[in-house]
Amino acid sequence: HELRTPISIIKGACEYAMKYEETPEERAETIGMIHRQADKMAGLVSQLLSMTRMEQGVENIKMESLDLGKFVREFAVQQHWSENQIQIRTPDICMIEGNAELLGRLLQNLVENAIKYSPKQGKVQVCLEETKEEIRLSVRDQGIGIAKEDREKIWKRFYQVDTSRSSDEGTGLGLAMVKQIAELHGGKMSVESTPGEGSVFTLHLPGKK
Ligand code: ADP
């Protein structure tokens, strides 16, 4: 469905343009639409490919020793996250075995969702904690929240709670990829949420004991 929709929009626009004489303005609009839909498909295809590669172990994923605290702080600066909107709390040092590129994708997805599903003035908290048992990286928002019956399903590929709200920007692939990245690191994801109040997405990584 997700690939078929942009394809049918593109085909429809082409058929219309072939059948009717369009004004230059209409023509520009049609081309713009085709371009946007093609972009969307390209994004979807590359995300699917990269997930399949991870799954099949084609992409040689190098795990290295890295300081997750430093990584999160630097990533926030690199992404230009405003300190006003996104508050970061990390211990000075938190060493893990991980892949920086994948962890960046995970964090970016969680923070972008936190912003996307929140009111404009909503605050987002990114918090890293280390206990004896585990290392937790959580992203907390004050957004719309997720109903209980959806909390299991959001991790599935292409699942979107409210397609009217998210279909234009999102693909429903983000959280499936987040889950995959957590598992590649020997960890798992969890979510807690109260509809109307907000959600907390947490990456749990094994502790050092
Ligand atoms: P999408 O591209 O639709 O954002 P995701 O896989 O990232 O896809 O998320 C799947 C669905 O989970 C979203 O469509 C949305 O309904 C829900 N969701 C994800 N993050 C949040 C959040 N922080 N608050 C509320 N709902 C969320």
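For ligands, and for the atoms within them, numbers begin at 1 and follow the listed sequence.
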> So, Glu192 versus Ser199: side-chain donor-acceptor pair below 3.5 Å or not?
Replying inline: no
> Should Lys116 be listed as contacting ligand 1, given a heavy-atom distance under 4.0 Å as the test?
Replying inline: yes
> Going by the order shown, which atoms of ligand 1 are within less than 4.0 Å of some heavy atom of Tyr159?
Replying inline: 10 (C), 11 (C)
>> Check Glu29 with Arg36, please: is the shortest side-chain N to carboxylate O separation under 4.0 Å?
In response: no
> Does a donor on one side chain sit under 3.5 Å from an acceptor on the other, for Thr202 and Ser138?
Replying inline: no
>> Under a 3.5 Å distance rule, please check whether Thr194 uses its side chain to pair with a backbone N or O of Glu197 as donor and acceptor.
In response: no
> Counting each atom of ligand 1 from 1 as listed, which ones have a heavy atom of Thr171 under 4.0 Å away?
Replying inline: 2 (O)
> With the threshold set at 4.0 Å, does a side-chain nitrogen-carboxylate oxygen contact exist between Glu15 and Lys11?
Replying inline: no
> Near Glu101 CD, under 6.0 Å, is it more than 12 heavy atoms from other residues, nucleotides or ligands?
Replying inline: no
> Looking just at side-chain N and O atoms, do Arg73 and Thr90 make a donor-acceptor pair shorter than 3.5 Å?
Replying inline: yes
> Relative to the heavy atoms of Ser199, which atoms of ligand 1 are at a distance of less than 4.0 Å?
Replying inline: 24 (N)
> For ligand 1, which atoms sit closer than 4.0 Å to a heavy atom of Val161?
Replying inline: 14 (O), 16 (O)
>> With a 6.0 Å cut-off (strictly less than), is the heavy-atom count around CD of Gln78, excluding the residue itself, greater than 12?
In response: yes
> Given that the side chain starts at C-beta and the backbone is N, CA, C, O, which of these parts of Leu175 lies under 4.0 Å from ligand 1, counting heavy atoms, or is it both or neither?
Replying inline: both
> Which atoms from ligand 1 have a heavy atom of Gly172 less than 4.0 Å away?
Replying inline: 1 (P), 2 (O), 3 (O), 6 (O), 8 (O)
> What atoms of ligand 1 come within less than 4.0 Å of a heavy atom belonging to Gly145?
Replying inline: 25 (C)
>> With nothing but distance in play, are any N or O atoms of Gly174 less than 3.5 Å from an N or O of ligand 1?
In response: yes
> Between Asn109 and ligand 1, which part of the residue brings a heavy atom under 4.0 Å of the ligand: side chain, backbone, both or neither?
Replying inline: neither
>> Counting only heavy atoms, tell me which of Phe158, Tyr117, Trp155, Phe201 gets closest to atom 4 (O) of ligand 1.
In response: Tyr117
